Amino acid sequence: MALPTMETQAKVASEAAQVFIDHYYEALTRRRPLGPFYASTSPRLTSAGVKPDISINGRFVGTEVSAYEELLKTQGEPVSYDVGSFDVQPVNPWYRAGEPESTSSISAALAGNTTTNGAGGGAGATGRDATAVAATLRNGDRMSFAVQVSGTVRYGRGHVATGEGGPAKAVVDAATTTTIIAPAVGGTAAAAADGHELLEKDFNESFLLVPHWEAWGRNAPKGLRKWVIVSQNFRAL
């Protein structure tokens, strides 16, 4: 089965990373629920043992998004995450963990392990289904990718919250560039947010995103993220 070209992988990863960054950091700034951005929101990924791995400033927060949200509350309000630059790299052109059973059987059939009419233990996949799966793979819809983000987070009053202006700009190439900000863990941020002092901190943050299978299915509910976080590592500078 044909895998996506390197050009396709770079284009899909760059565009998907831009969408992720715009929405994720706006959600952080506006204190919106973060669960929809993580692998734990996908029953297929969860059943395959895929859980988000979250580390903040060298501290393993765990696999529960709620634990990270509780940690963010210690920042106080207001908190603003400003987007500056990011770099994105394709990782796996064909991510398989948790993929739909129909996809697995069709993939095997197209690889020559089964037949598309059910012979040899196949699942009876139709030619139309096989063509659709091959197209999604070729288009880069099954890939995973890594995103490296850097930026500034501002605690306290006297700043304009991110998310009210336009989206962050990125250079689309085999690697893309855009800046962002992540949370610093500590009491000084909360103190600044509660008063009128403005505290700024630079940060670096890395993510690994994989397909959210339910979002790619037919008649998928609106609002599902097409790629979700399986690994996150934030560090304040």
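Remember, predicted model here, so these are calculated numbers, not experimental data. We number each residue from 1, following the sequence as shown.
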What's the shortest heavy-atom distance between [X] and [Y], and which atoms?
X: Val65; Y: Pro52; answer: CG2-CG, 4.5 Å
X: Val147; Y: Ala17; answer: CG2-CB, 3.9 Å
X: Tyr81; Y: Thr29; answer: N-OG1, 3.0 Å
X: Arg142; Y: Pro100; answer: NH1-CD, 4.3 Å
X: Ser14; Y: Ala10; answer: OG-O, 2.8 Å
X: Trp216; Y: Lys226; answer: NE1-O, 3.0 Å

Quick one, [X] and [Y] - any side-chain contact, counting heavy atoms below 4.5 Å?
X: Val149; Y: Tyr25; answer: yes
X: Thr63; Y: Ile54; answer: no
X: Arg31; Y: Glu77; answer: yes
X: Ser40; Y: Lys51; answer: no
X: Leu237; Y: Lys201; answer: no
X: Leu34; Y: Leu72; answer: yes
X: Gln232; Y: Asp53; answer: no
X: Val61; Y: Leu71; answer: yes

Can a donor-acceptor pair be found, under 3.5 Å and without considering hydrogens, that links the side chain of [X] to the backbone of [Y]?
X: Ser42; Y: Leu45; value: yes
X: Glu205; Y: Gln148; value: no
X: Trp94; Y: Gly140; value: no
X: Asp141; Y: Leu137; value: no

(message) Less than 6.0 angstrom from the centroid, inside 45 degrees of the normal: does Arg225 satisfy that with respect to the ring of Trp227?
(response) no
(message) Which residues pass the side-chain hydrogen bond (donor to acceptor under 3.5 Å, both in side chains) test with Glu64, not counting sequence neighbours?
(response)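 Once residues adjacent in sequence are excluded, Glu64 has no partner under the side-chain hydrogen bond (donor to acceptor under 3.5 Å, both in side chains) criterion.
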(request) Report the residues that fulfil side-chain hydrogen bond (donor to acceptor under 3.5 Å, both in side chains) with Thr46, sequence neighbours left out, ordered by chain and then residue number. (result) none
(request) Apply the test side chain to side chain contact (heavy atoms under 4.5 Å, CB included) to residues Glu200 and Val153: give CA-CA distance (whole Å), side-chain angles for both, the deciding distance (0.1 Å), then the verdict. (result) CA-CA 6 Å; Glu200 295 188 2; Val153 60; over 6 Å; no
(request) Go through Gln89 and Phe145 one step at a time and tell me if the side chain to side chain contact (heavy atoms under 4.5 Å, CB included) criterion holds. (result) CA-CA 6 Å; Gln89 294 289 340; Phe145 56 92; over 6 Å; no
(request) Identify whether the distance between the nearest side-chain nitrogen and carboxylate oxygen of Glu7 and Lys11 falls below 4.0 Å. (result) no
(request) With sequence neighbours left out, write down each residue that passes salt bridge (Lys or Arg N to Asp or Glu O under 4.0 Å) with Arg138, or none if nothing qualifies. (result) none
(message) Show, in sequence, the C-alpha distance, side-chain angles and deciding distance for Leu209 and Val228, and conclude whether the side chain to side chain contact (heavy atoms under 4.5 Å, CB included) test is met.
(response) CA-CA 5 Å; Leu209 289 95; Val228 288; 5.9 Å; no
(request) Please test Arg44 against Glu214 for side chain to side chain contact (heavy atoms under 4.5 Å, CB included), starting from the C-alpha separation and ending with a verdict. (result) CA-CA 8 Å; Arg44 289 194 178 278; Glu214 288 78 5; 3.1 Å; yes
(message) Restricting to side-chain contact (heavy atoms from CB on, under 4.5 Å), what partner residues turn up for Ser144, sequence neighbours left out?
(response) Val91, Asn92, Tyr95, Val210
(request) Mind checking side-chain contact (heavy atoms from CB on, under 4.5 Å) for Glu70 and listing every partner two or more places apart, or none if nothing turns up? (result)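 With neighbours one apart ignored, the set is Lys73.
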Return the [atom1] to [atom2] distance between [X] and [Y], rounded to the nearest 0.5 Å.
X: Tyr68; Y: Ile56; atom1: OH; atom2: CD1; result: 4.0 Å
X: Ser206; Y: Asn233; atom1: OG; atom2: CG; result: 4.5 Å
X: Glu69; Y: Leu28; atom1: CD; atom2: CG; result: 9.5 Å

(request) Only pairs at least two apart or in different chains count here, so list each ring-ring contact (aromatic ring centres under 6.0 Å, His included) that has a residue in residues 30-63. (result)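 Non-adjacent pairs meeting ring-ring contact (aromatic ring centres under 6.0 Å, His included): Tyr24-Phe37.
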